[in-house]
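Quantities reported herein were computed from a predicted structural model and do not represent experimental measurements. Chain letters run A, B, ... following the sequence lines, proteins first, then strands; residues in each count from 1.
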There are 2 protein chains.
Amino acid sequence: MTTTRERIIAGTEAVFDEHGFAGVGMDRLTEASGVSSRTLYKHMGSKTGLIAAVLDARRERFDQAFDVLTIEDLFATLASWADTEGARGCLFLRALGEDGRSAPEVDRAVSDYRDLLQRAMARIVEHETGRTDAVLAEQLLVLFEGATAAMSYRGRQAIDAAHAAAKSLIGGLMGATPS
Amino acid sequence: MTTTRERIIAGTEAVFDEHGFAGVGMDRLTEASGVSSRTLYKHMGSKTGLIAAVLDARRERFDQAFDVLTIEDLFATLASWADTEGARGCLFLRALGEDGRSAPEVDRAVSDYRDLLQRAMARIVEHETGRTDAVLAEQLLVLFEGATAAMSYRGRQAIDAAHAAAKSLIGGLMGATPS
DNA sequence: ACCAAGGTATCACGATCGTTTTACCTTCGG
DNA sequence: CCGAAGGTAAAACGATCGTGATACCTTGGT
């Protein structure tokens with residue numbers, strides 16, 4: 001069973017992704033949500049509440065999709081995410097950039113996502129190397145963020161480059177000699 | 001001599017960077033520009049024209065600041081850029097995300113910047129390795145984009161991680177054997 | 001049979017949006 | 001000394017913003 005709330009979120013997320021947050025009005029959002037504006041406000045409270053709810057839902061979907069343990073799977077998942085969802089740069093970064101810090105609920109949604117992302121990188125590094133390595137996790141985070149940003153205009157080759165770089169960094173650590 | 005146009009651009013850039021593009025009104029921009037709204041419109045034509053002019057000016061300033069030939073200088077320059085200009089994610093990516101593709105002048109300004117960025121990465125790779133290497137240049141681009149995005153919430157350690165990763169990738173290429 | 005729950009469509013609100021206009025300075029080369 | 005050139009402040013434009021209100025319709029459980 002999909003709740004009304006879920007339908008609203010699912011319908012509006014793509015609009016935000018395509019046109020930004022401040023740039024779309026409630027009229028377009030109500031139209032995309034498939035419900036009346038009265039129902040939308042009853043469920044979401046405000047436009048800011050809707051944005052936070054969309055970001056929370058996206059984080060959960062991201063969390064399920066990126067439940068991976070290897071570098072290989074990480075970038076393969078990123079590629080298929082880009083295929084199905086498009087690649088317009090990190091929606092969380094963009095949400096924060098449009099709102100300043102003026103909306104605490106948005107702020108919280110973004111940092112929730114970022115915590116999750118960091119933990120995912122640390123988990124992959126630990127699984128790949130057999131130990132925790134904060135530096136390597138930070139590097140993998142940077143590569144993932146970079147691939148997310150660069151793939152919006154470089155396409156698949158940005159993902160491939162990040163993937164290859166990550167493998168080199170992991171491999172270099174494990175004493176592999178240059179082929 | 002600074003022209004009126006330059007003063008307008010210099011005054012408004014920080015406002016866009018802090019609050020986004022669609023989210024700020026012309027009243028705040030005229031106040032920040034230091035000129036009347038009539039003068040602002042005479043020089044910029046429209047809000048979109050102002051945005052494109054601000055992005056063009058930023059690209060030129062970026063071009064001068066990042067006139068570097070080494071990995072070392074690249075990330076040192078990024079760190080001092082972040083210190084003086086702040087780190088809120090790539091302003092060009094954000095501009096594109098807020099406007100969809102609806103404004104051709106903004107679109108053009110963003111791709112001008114991206115061309116410049118790619119050429120800078122290729123130039124650094126060529127200087128560091130002595131030959132052109134498209135794959136390595138792509139990896140450096142991803143690392144730079146990733147550092148730009150990640151430093152907005154990870155701070156300096158994101159830059160350091162990208163720097164170290166770039167050095168590893170360059171070093172590995174040049175035939176260094178482990179220990 | 002009925003009533004609450006939750007949906008719809010539509011309109012109106014005050015505010016703010018981007019833009020233009022009106023009317024009035026100031027400065028400076030000829 | 002005069003007349004462009006280029007500036008100012010302030011008001012107003014229709015449109016659109018986020019939000020609430022009004023009135024009506026459809027359900028499903030008791």
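- C/dG6 atom P lies 13 Å from atom CD1 of A/I8, rounded to whole Å.
- Distances from the side chain of B/R38 to the nucleotides C/dT19, C/dA23, D/dA21 place C/dA23 closest.
- Between A/K42 atom NZ and D/dA21 atom P there is a gap of 11 Å when expressed in whole angstrom units.
- Classification of the A/Y113-A/F92 ring pair by plane angle, with boundaries at 30° and 60°, yields parallel.
- Nucleotide D/dG6 holds its C1' atom 19 Å from the OH atom of B/Y41, rounded to whole Å.
- Distance from the side chain of B/T4 is smallest to D/dG7 among C/dG18, D/dT19, D/dG7.
- Separating the CG atom of A/L29 from the P atom of D/dG18 is a distance of 7 Å, rounded to the nearest angstrom.
- Atom CZ of A/R5 sits in a sparse spot, with 12 or fewer heavy atoms from other residues, nucleotides or ligands closer than 6.0 Å.
- The side chain of B/H43 contributes no N or O atom lying less than 4.0 Å from OP1 or OP2 of D/dG6.
- Here B/G34 lies in heavy-atom contact (under 4.0 Å) with sugar-phosphate atoms only.
- Of the candidate nucleotides C/dT22, D/dC17, C/dT8, D/dC17 has the atom nearest to the side chain of A/D27.
- One finds the CZ atom of B/R7 at 12.0 Å from the OG1 atom of B/T12 (value rounded to the nearest 0.5 Å).
- Considering only side-chain atoms of A/V35, the nucleotide from D/dT8, D/dG18, C/dT8 that sits closest is C/dT8.
- With B/R94 contributing its side chain and A/R94 its backbone, the two residues share no donor-acceptor pair below 3.5 Å.
- Ring planes of B/F62 and B/W81: perpendicular class, angle over 60° (limits at 30 and 60°).
- Residue B/M44 contributes atom CE, which lies 18 Å from atom C1' of C/dT20 at whole-angstrom precision.
- For the pair A/T39 and C/dT8, the criterion of a side-chain N or O lying under 4.0 Å from OP1 or OP2 is met.
- For the pair A/L40 CG and C/dT8 C1', the interatomic distance rounds to 13 Å; values are reported in whole Å.
- Dashed line: the shortest gap from a side-chain N or O of A/S36 to OP1 or OP2 of C/dT10 is not under 4.0 Å.
- Distance CE (B/M26) to P (D/dG14): 20 Å, rounded to an integer number of Å.
- Using a 4.0 Å heavy-atom criterion, one finds that B/S37 contacts the bases of the nucleic acid, with or without backbone contacts as well.
- A/K47 has its NZ atom 15 Å from the P atom of C/dT16, to the nearest Å.
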